[in-house]
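When a ligand or atom number is given, it counts from 1 through the structure's own listing order.
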Amino acid sequence: MEKRILGNNGLDVSALGLGCMGLSFGYGKPTEKKEAIALIRAAFEKGVTFFDTAECYGPFTNEEIVGEALAPFRKEVVIATKFGFQDGDSKKGLDSSPARIKAVVEASLKRLKTDYIDLFYQHRVDPNVPIEEVAGTVKELIQEGKVKHFGLSEAGVETIRRAHIVQPVVALQSEYSLFYREPEKEIIPVLEELGIGFVPFSPLGKGFLTGAINEETKFEASDFRNIVPRFSEENRKANQTLVDLVKSIASEKNAAASQIALAWLLAQKPWIVPIPGTTKLHRLEENIGGAAIHLSKEELNNIDKALKNIEIVGARYPQQLQERVGK
Ligand SMILES: NC(=O)c1ccc[n+]([C@@H]2O[C@H](COP(=O)([O-])OP(=O)(O)OC[C@H]3O[C@@H](n4cnc5c(N)ncnc54)[C@H](OP(=O)(O)O)[C@@H]3O)[C@@H](O)[C@H]2O)c1
């Protein structure tokens, strides 16, 4: 698979990474450990070298699975994980205090079965801890060799600028896809100016852009999408217009809708590295195929024009979670 570079410091990764969250957290019942490890290893065999996890996925179990899966080829892969919640539990409040960050790094290193974390993201900006203090703490961890690079997730432009002065930010991980294009307004220009890579999460629109979800889909009780306004039954129905567009482009290109969603992201900037997640081998293979699809300037312009006529309805987060983003 094509390689891409994140940030001025040059973190070399496969053009598509693997988002590992859904194997343990967020989308219903966790995948059985053996199967999850096999899926992660299959991704590596197919050319993926960039793996995304967080202490709060599980919590903790996802890092353990990622660590065990990647241990045999640790030096050949880039592992990204995240800190930022009280006790590592995303249902509790935020905690990016220096003491907490230092405790997380030790625990994450153990669970990941490694002595360095390639990319350590702050998961959400903590309004109670100045970002300079957070960046300074990660800088110390970098000097100690425990962390290689610093990242932010869902941070606003001011925070990105302030953090970058203290410790260069290699990547921002935030939601970006055909289903959510807000970062194009302010975020992407700032990343371009500062030379920071962009790692779009939920690049398949949490599965919606693949065409596998419609208004009749029933999610498991513990599935996060049950509380997302954009995924209410009526909004899924209304937003199907977008899926129809993606499907029609896919059929013209003899590709799958998921592949078009990923190829579109890859075509936006050469320093964008999406991290689709799946629990299924055949979908992993399909998604990886998206990296080989080229969308021409004309095709991209046509997509842009068509998108102008599509209104996407429903917020991407319920109110209490919306308050944690864009700070
Ligand atoms: N920083 C943050 O705050 C944050 C937030 C959310 C996610 N993330 C990261 O980003 C990664 C990806 O995001 P995401 O998992 O939310 O969303 P996503 O990658 O957009 O979509 C994942 C969903 O799509 C389904 N899917 C995947 N490939 C498919 C295909 N080819 N055809 C049909 N369905 C397909 C998956 O179901 P199956 O498993 O059934 O295939 C899963 O339900 C996560 O794993 C996590 O590492 C970070």
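Within ligand 1, the atoms closer than 4.0 Å to a non-hydrogen atom of Ser258 are 31 (N), numbered from 1 in the order shown. Atom numbering of ligand 1 starts at 1 in the shown order; those under 4.0 Å from a heavy atom of Thr210 are 29 (C), 30 (C), 32 (N), 33 (C), 34 (N), 35 (C).
Taking 4.0 Å as the cut-off, Lys82 counts as a neighbour of ligand 1 on heavy-atom distance.
The shortest heavy-atom contact between His164 and Val169 is ND1-N, 2.9 Å.
By heavy-atom distance, the residue among Phe201, Tyr27, Tyr121 lying nearest atom 10 (O) of ligand 1 is Phe201. Of the options Val325, Ile275, Asn287, the smallest heavy-atom separation from atom 28 (N) of ligand 1 is shown by Asn287. With Gly151, Gly277, Gly289 as candidates, the residue nearest to atom 42 (C) of ligand 1 on a non-hydrogen basis is Gly277.
At least one N or O atom of Thr279 sits closer than 3.5 Å to an N or O atom of ligand 1. Between Leu204 and ligand 1, a contact under 3.5 Å exists for at least one N or O pair. Not one N or O of Thr53 is nearer than 3.5 Å to an N or O of ligand 1, by distance alone.
A salt bridge does not link Arg324 to Glu154: none of the charged nitrogens lies less than 4.0 Å from a carboxylate oxygen.
With Leu172 as the partner, the side chain to side chain contact (heavy atoms under 4.5 Å, CB included) test is satisfied by one option alone out of Leu194, Leu191, Leu6: Leu191.
In this structure, Val147 is a member of the same hydrophobic cluster as Val78, with clusters built from ILVMFWY side-chain heavy atoms closer than 4.5 Å. A continuous path of hydrophobic side-chain contacts links Phe208 to Phe219 [ILVMFWY only; heavy atoms under 4.5 Å].
Taking atom 25 (C) of ligand 1 as the reference point, the nearest protein heavy-atom neighbour is Gly207 CA, 4.0 Å.
Under the 6.0 Å distance and 45° angle rule, Arg230 does not count as a cation-pi partner of Tyr317.
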